[in-house]
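Working notes, beginning with the structure itself.
Values in this document were obtained by computation on a predicted structure and should not be read as measured data.
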Amino acid sequence: LELNDSNTTAVPSRKEENNQTRTTKTDEPTRVLYIMTTVREFNTGRRATTRGSDRLTQTVIPVLRESVQSMVKDPFNYRVDVYLVLGFPLNPERVKEIKSVLPPQTNLRLWNDAAQYAYDIGGSEKLQKQLTEINRLLARQHRFIIRDELLNYDMFVVFEDDMIIKGDHVHHYMEMSTEIFRLRDRARRMEQDRSNLERENPSNGLFYGEMTAAQLSRTIPGFIRVEALLNEEKFKTQDVLSSVPVDLMFPIMSNDDVMDNGKSNNTTLGVKNMSYAKKTVNPETCCYVNSTNLFEKGSVPLRPTSDQLFMWETSIEALGVREMPLNSSLLGWVMLQRGSQPWRSGRDKAAADYGDYWAGKATTSTDNVPQRPHTIDPQYINNQGGWMATQQQLIEWDTEQCAGSFLPPFDQPTYTLDGLDKRNVEYYSGGLQLAQTKNSCGLQRIVSLDPDKFSKHLLYHSSNNKQRSHQNRRDRFVRINHFLGQLNAARKYATRAKAKEIKNKKTPKKIWS
């Protein structure tokens, strides 16, 4: 797709420059393409917004400023370019407003009026028979940009216009992804050595132990959207927590507790010589902003506390925890987000699937213990409001992991009508294509249970409008510290269960032959 038309503000190509420098420099900063999609210049009054308010200046511009400035400063020093996908034309004066908050080295490109015209088979009978502008398909257009720019950037960050993405998020995602790739390479070497397979005995049935290359190939870091409570008297969170306890006492690991290969000398949590300290989410990582005067008045607090942060798109009764391979000191115990099963069938699926320890077991109560919801129950899938990926991940998603393809062309049988069917905004821009199974990628998202790293999986939904528009569903609003404490309790139960299984010499079934 050529974007250098009358609807696009273009900048000079850097392909030649990249070809000259990438082969000679080893310390070149990471190149990040940050793509933001926004449908309207002014709010319509829906979703707890003020009708006629200036969305560009009160949401888009401050989010861009907070996100990009965080990525380009120390210690990250990323080279960030911005691409805006717009559902409206933007005049030159408004373009100047945007450029004024971006660093001088950041290139800004626009795709104006980017919504697709098509016969809307997902609309009314009338719309199915006439060409019309389909705004929901605006969420798909970033895929064309990525296909054109795939070899020009190291990292792609694609999010909705009210999601603040910090340098910490990007760095943590890349760091975890690099470690997952390292473990995958190790697993591939193990698969070629049957003696190692017999000794390590990886499994897809248990919640610990070695993992196959197929399992690790479909594993990516995940994110959780949070908001900050604006008025705790007016906007409430759930009154009654689930039966899973909240435990915010985390082990303190010293250098003496960790061996050279990254394994802990203490194989269980709760051993007598382990020290513990109370830890909570660090709100600065996700949710501190440098200036509130750019946002709509009263909509974004400058320094929210961790107790003000809450989530709403999943809950503890659906989730499970797993210990990643022990030779990784970076990953450790993780939460497995819902919504994902390998889309392949038969032997390939068996090799790629892996289990977890259900958090619902982490309770002393025998009354009203719920049944675990299905992995694809939409109530628990956890829409991220976007996604990010390295260049290598995108190539693998497009050619190996995803059903059909991830980037255009959108061909049958995975896509119908060139992808102009009933797929919603969340499928393309919210990251659900990655996490779902049918006609999707079947990737497994993980979230670190280390409290410091856990904070880097939290993304600030700066509109803060769910608390205003969904108070009738506040039983789903979970304070993020409570959630972290419940996951920690599940981890401790899982650790004891692991120790018991090892003591009883229970070995996982082999998934390779």
Side-chain angles (χ1 to χ4, degrees), residues 176-177 179-191 196-222 263 314 316 318-328 330-362 372-377 380-382 393 396-397 400-403 434-438 440-449 457 487 490-491 493-495 497-499 501-502 506-513:
M176 283 190 72
S177 297
E179 179 68 355
I180 292 168
F181 282 136
R182 186 189 71 80
L183 291 175
R184 185 181 69 176
D185 291 342
R186 176 179 176 272
R188 284 174 175 164
R189 293 193 298 271
M190 288 172 58
E191 290 174 32
N196 276 342
L197 296 185
E198 295 293 329
R199 183 170 65 254
E200 300 289 354
N201 209 10
S203 172
N204 63 348
L206 294 186
F207 51 90
Y208 59 88
E210 292 294 342
M211 298 174 66
T212 68
Q215 291 170 336
L216 292 161
S217 290
R218 57 179 290 262
T219 301
I220 61 171
K263 294 181 181 180
T314 193
I316 193 68
L319 300 169
V321 299
R322 192 192 199 284
E323 186 180 39
M324 299 299 281
L326 282 175
N327 71 316
S328 172
L330 175 65
L331 298 180
W333 284 90
V334 298
M335 174 191 82
L336 272 59
Q337 291 179 288
R338 302 297 275 172
S340 179
Q341 291 177 325
W343 60 267
R344 295 173 176 81
S345 59
R347 186 181 180 86
D348 289 338
K349 178 176 180 179
D353 201 6
Y354 56 95
D356 60 11
Y357 181 91
W358 178 37
K361 297 178 182 179
R372 187 174 188 179
H374 195 278
T375 184
I376 59 173
D377 187 330
Y380 304 99
I381 285 182
N382 201 149
Q393 286 172 328
E396 293 187 6
W397 296 352
E400 301 173 19
Q401 293 297 330
C402 300
L434 298 175
Q436 291 176 333
T437 301
K438 184 178 179 181
S440 299
C441 304
L443 301 180
Q444 176 61 64
R445 298 168 295 167
I446 61 173
V447 172
S448 174
L449 296 188
H457 292 271
L487 289 171
R491 175 175 62 173
Y493 272 78
T495 305
K498 173 192 170 184
E501 289 185 0
I502 292 174
K506 179 178 179 180
T507 58
K509 66 179 181 179
K510 296 168 187 169
I511 60 177
W512 295 320
S513 60

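The minimum heavy-atom distance between Ala362 and Ala490, with the atom names listed, is CB-CA, 3.7 Å. The two residues Leu449 and Arg491 have their closest heavy-atom pair at O-NH1, 3.7 Å. Pairing each heavy atom of Phe207 with each of Ala497, the nearest pair is CZ-CB, 3.9 Å. Pairing each heavy atom of Ile381 with each of Thr375, the nearest pair is CG1-O, 4.4 Å. Pairing each heavy atom of Arg218 with each of Gly442, the nearest pair is NE-O, 2.8 Å.
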After noting the C-alpha distance and the side-chain angles of Gln393 and Ser177, does the key distance pass the side chain to side chain donor-acceptor pair (under 3.5 Å) rule?
CA-CA 9 Å; Gln393 286 172 328; Ser177 297; 3.1 Å; yes
Please assess Val447 against Leu487 for the test side chain to side chain contact (heavy atoms under 4.5 Å, CB included), listing each intermediate value before the final yes or no.
CA-CA 11 Å; Val447 172; Leu487 289 171; 5.9 Å; no
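In this structure the side chain of Trp358 never reaches within 4.5 angstrom of the side chain of Tyr493, judged on heavy atoms. Looking at Asn382 and Arg338, their side chains never come closer than 4.5 Å, going by heavy atoms from C-beta outward. When side chains are defined from C-beta on, Leu434 does not count as touching Arg445, because their heavy atoms never get closer than 4.5 Å. The shortest distance between side-chain heavy atoms of Arg372 and Tyr380 does not fall below 4.5 Å. Side-chain atoms of Leu183 and Leu331, non-hydrogen and from C-beta on, do get closer than 4.5 Å to each other. No side-chain heavy atom of Leu336 sits less than 4.5 Å from a side-chain heavy atom of Val321. Looking at Arg188 and Ser217, their side chains come closer than 4.5 Å, going by heavy atoms from C-beta outward. Looking at heavy atoms from C-beta onward, Ile220 lies out of side-chain contact with Gln337 at the 4.5 angstrom threshold.
Side-chain atoms of His457 never come within 3.5 Å of backbone atoms of Pro221 as a donor-acceptor pair (strictly under, hydrogens ignored).
With rounding to the nearest 0.5 Å, the separation of CG in Leu330 from OG in Ser448 is 7.5 Å. A distance of 6.0 Å separates CH2 of Trp397 from CG of Leu443, quoted to the nearest 0.5 Å. Between the CD atom in Glu396 and the CZ atom in Phe181 there is a gap of 5.0 Å [rounded to 0.5 Å]. Residue Arg322 holds its CZ atom at 10.0 Å from CD1 of Ile446, rounded to the nearest 0.5 Å. The structure places CD of Glu400 at 12.0 Å from SG of Cys441, a figure rounded to the nearest 0.5 Å. Separation of atoms CE (Met211) and OH (Tyr354) is listed at 4.0 Å; rounding is to 0.5 Å.
Salt bridge status for Glu179 with Arg182: present, with a side-chain N to carboxylate O gap under 4.0 Å.
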